[in-house]
Amino acid sequence: MDSNLVIYNTLTRTKEKFEPVNPPLVGLYVCGPTVYSDVHLGNCRTFVSFDLIYRYLLHLGYKVRYVRNITDAGHLEGDMDEGDDKFAKKAKLEQLEPMEIVQKYTIGFHDVMRLFNALPPGIEPTATGHIIEQIEMIKQIIANGYAYEVEGTVYFDVEKYCREYNYTILTNRQLDDLLENTRELGGQNEKRGRLDFALWLKAKPEHIMRWPSPWGVGFPGWHIECSAMSSKYLGDSFDIHGGGMDLAATHHTNEIAQSQACNQVQPAKYWMHTNMLTVNGARMSKSKGNGFLPGELFTGNHELLSRGFSPMSVRFFMLQAHYRSTLDFSNEALEASDKGFKRLMNAYGLLEKLIASPVSQMNIDDLSRRCYDAMNDDFNSPVLIAELFEAVHLINSIYDGKLSATQSDIDNLKKLMDSFVLDVLGLKEETTQTDDLAKLMDFIIGLRSEAKFNKDYATSDKIRIGLNSLGIQLKDNKENVTTWNRV
RNA sequence: GGUCGGGUGGCCGAGUGGCUAGGCAGAGGUCUGCAAAACCUUUUACACCGGUUCGAAUCCGGUCCUGACCUCCA
């Protein structure tokens, strides 16, 4: 397994050659969603980005174990505990079983991921399903001297940890500054240090999700689940840990501290962070109220949208930007991507219809190499897509008879498009053409050709315009061969 | 305030010390009974001010603007 893949590592803030711990095995852990409400499009972008990464690693021949957790505890509890509206809180507590919420939004999340054609992870562990592992890990951290218990709550001792490790390795912040500028968290009077965070929290009487532990009845802290589950399924030290950039400063920083304190090793060799999806330049988030739900996008039921956009067009839109760049979301940008996507897929469809000639006027190997170069450069999908449009241009020109290609050229083009469009980018035709429809269309096109041959243009136009209003577009090429596609 | 990013043509977005991605939109043309598609040609760029250099939008310094994180959030 010798690839030229280079990955930007947040730990070092540089691009590094990718060298797995145990090739050809690759362990990939990605922080998944907290399932207490619908995932919005910004969440989806991260998972589509890591789907691209997963797919490309598979394409290169790595045997990838992809673990993406479902957070169904901790955050959820925190969310319910806060806020001033005690009435609402009570209603929530009385009317809904937390696991009902978890189930509902987990299913919704999976449905959306399927629409985006994201490959499911190999393991999708839940926090509530790994309480024992989390407790064991906390016990080990205490035994190692990096955590302490106060009144049923266990805190991580950041100050102690800092004496031996670099706590802010991911973000490069200064500790003094952190101490001065961090907001007061709960439990200040019982914590030893201001930056100490909870590994295990004592449950208040009204708390529904609770488990017994050596420290009494309680529930796990916000960060321990990922440490416990990643080491369980990928080992104490694995290859890639990923998530959204917003997680780096707190969640991942604490995750590294916990894993180091427990296992004395840096949990992941490469830390990858995806950037945010923005709306009018500002981050899409629930608290800002500017989040798009996938459903609103697909139906077009949103004030900023002129119409609905298909999941594949949206996926293509996301892949046209690099995963480490912010991507600005707008109706106009989506329109552009939608057309580009259709152009790409239309050319893909023409591959079957190309006619070979003895002369070659192109170098597919060179194009293929450029595609690999793009992806090897930290998964640069926008450059890959630019190269694929070169392939589109070749395919269209061959189809038009303006360029000649040998059968070998055509085979290689097909292979290139299959690999990169379908396997790596994970794009697919959205409308399945049933055999019945294909036969029917052949028949109708035949009727129209007859009419055209007889110069009965009234009839042929009636067919063309009629089909167009049904969403089917006819295209006559120079040889008067008619093809069709949905619009 | 601290940390880390950005500012690229009408829009979205790559990239690089000289050969100026790509998609969409705009303009002209070819083809076509028409239309669409396709193909060809083409108009708009690298925030501002200095510096380094034979040469910078790309490197360095400064200025302005802007985003994310520092509090649950992908």
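In what follows, every chain begins at residue 1, and chains take the letters A, B, ... in the order their sequences are listed. Computed from a predicted structure; not experimentally measured.
- Within the 4.0 Å cut-off from OP1 or OP2 of B:rA25, at least one side-chain nitrogen or oxygen of A:Lys339 is found.
- Relative orientation of the A:His223 and A:Phe197 rings is perpendicular, given thresholds of 30° and 60° on the angle between their planes.
- For the residue pair A:Asp72 and A:Thr128, a side-chain donor N or O sits within less than 3.5 Å of a side-chain acceptor on the partner.
- B:rG67 and B:rU30: their P atoms are spaced 49 Å apart (whole Å).
- Going from atom CE of A:Met318 over to atom C1' of B:rG22 covers 19 Å, rounded to whole Å.
- Taking atom P on both B:rC4 and B:rG62, the two are 14 Å apart, rounded to the nearest angstrom.
- Residue-level contact check: A:Met245 touches neither bases nor backbone, having no heavy atom under 4.0 Å from any strand.
- Atom name C1', nucleotides B:rU58 and B:rU20: the rounded distance is 11 Å, in whole Å.
- For A:Asp461, counting side-chain heavy atoms from C-beta on, the closest listed nucleotide (B:rG13, B:rA74, B:rG33) is B:rG33.
- If you find the closest nucleotide of RNA chain B to A:Gly281 and to A:Leu277, the one lying nearer the 5' end belongs to A:Gly281.
- If you check every strand for non-hydrogen atoms under 4.0 Å, A:Phe389 touches sugar and phosphate atoms only.
- A distance of 6.0 Å or more separates the ring centres of A:His251 and A:Trp222.
- Under the Watson-Crick or G-U wobble criterion, with both distances below 3.5 Å, B:rA56 has no partner in any strand shown.
- Distances shorter than 4.0 Å separate some side-chain N or O of A:Asn380 from OP1 or OP2 on B:rG15.
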Report task. Evaluate the criterion side-chain hydrogen bond (donor to acceptor under 3.5 Å, both in side chains) for residue pair A:Tyr105 and A:His110; output intermediate values, then yes/no. Result -> CA-CA 9 Å; A:Tyr105 293 111; A:His110 286 156; over 6 Å; no
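- B:rU53 and B:rC60: their P atoms are spaced 16 Å apart (whole Å).
- A:Leu334 comes within 4.0 angstrom of nothing in the nucleic acid, heavy atoms only.
- The pairing partner recorded for B:rU42 is B:rG26, the criterion being a Watson-Crick or G-U wobble arrangement whose two distances lie under 3.5 angstrom.
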Identify the pairs formed between an N or O of the protein and an N or O of nucleotides 36-38 of chain B at a distance under 3.5 Å, and give each distance.
from: B:rA36; atom 1: O2'; to: A:Gln473; atom 2: OE1; distance (Å): 3.1
from: B:rA36; atom 1: O2'; to: A:Gln473; atom 2: NE2; distance (Å): 2.9
from: B:rA36; atom 1: N1; to: A:Asp476; atom 2: O; distance (Å): 2.9
from: B:rA38; atom 1: OP1; to: A:Arg343; atom 2: NH1; distance (Å): 3.2
from: B:rA38; atom 1: O3'; to: A:Asn396; atom 2: ND2; distance (Å): 3.2
from: B:rA38; atom 1: O2'; to: A:Asp400; atom 2: OD2; distance (Å): 2.3

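- No more than 12 heavy atoms of other residues, nucleotides or ligands shown are found within 6.0 angstrom of NZ on A:Lys104.
- Atom C1' of B:rU8 sits at a distance of 12 Å from the matching atom of B:rA21, rounded to the whole Å.
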Report task. Apply the test side-chain hydrogen bond (donor to acceptor under 3.5 Å, both in side chains) to residues A:Tyr56 and A:Asn376: give CA-CA distance (whole Å), side-chain angles for both, the deciding distance (0.1 Å), then the verdict. Result -> CA-CA 9 Å; A:Tyr56 188 58; A:Asn376 284 337; 2.8 Å; yes
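- Rounded to an integer number of Å, the gap from A:Asn485 CG to B:rA35 P is 18 Å.
- Closest to the side chain of A:Leu247, from the set B:rA14, B:rA74, B:rG33, is B:rA74.
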Could you list the protein-to-nucleotides 4-12 of chain B atom pairs, N/O on both sides, closer than 3.5 Å?
from: B:rC4; atom 1: OP1; to: A:Asn172; atom 2: ND2; distance (Å): 3.3

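- Residue A:Gly42 is in base contact, counting any heavy-atom pair closer than 4.0 Å across all strands shown.
- Nucleic acid contact for A:His273: none, since no nucleic acid atom lies under 4.0 Å from a heavy atom of the residue.
- When rounded to the nearest whole Å, the span between CG of A:Asn331 and C1' of B:rC24 equals 12 Å.
- Base pairing annotation: B:rG1 forms a Watson-Crick or G-U wobble pair with B:rC70, both donor-acceptor distances under 3.5 Å.
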Query raised in the report: What do the steps show when you test A:Thr274 against A:Thr46 for side-chain hydrogen bond (donor to acceptor under 3.5 Å, both in side chains), and what is the final call?
Result: CA-CA 6 Å; A:Thr274 58; A:Thr46 291; 3.0 Å; yes
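- Pair assignment for B:rA21 gives none, since no Watson-Crick or G-U wobble pairing has each distance under 3.5 Å.
- In terms of phosphate contacts, A:Ser325 brings a side-chain nitrogen or oxygen within less than 4.0 Å of OP1 or OP2 of B:rA14.
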**Report entry** Working for side-chain hydrogen bond (donor to acceptor under 3.5 Å, both in side chains), residues A:Tyr155 and A:Glu190
**Finding:** CA-CA 9 Å; A:Tyr155 293 101; A:Glu190 56 185 37; 2.7 Å; yes
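- In this entry B:rG61 has B:rC49 as its Watson-Crick or G-U wobble partner, both defining distances falling under 3.5 Å.
- A gap of 40 Å separates the P atoms of B:rC73 and B:rG22, to the nearest Å.
- Using cut-offs of 30° and 60° for the angle between ring planes, the A:Phe238 and A:Tyr29 rings count as tilted.
- Side chains of A:Asn69 and A:Glu124: no donor on one and acceptor on the other come within 3.5 Å.
- Going from the P atom of B:rC31 to that of B:rC19 covers 36 Å, rounded to whole Å.
- Rounded to whole Å, the separation between the P atoms of B:rG18 and B:rG13 comes to 25 Å.
- Under the 3.5 Å distance criterion, with hydrogens and angles disregarded, no donor-acceptor pair is assigned to the side chains of A:Ser227 and A:Glu255.
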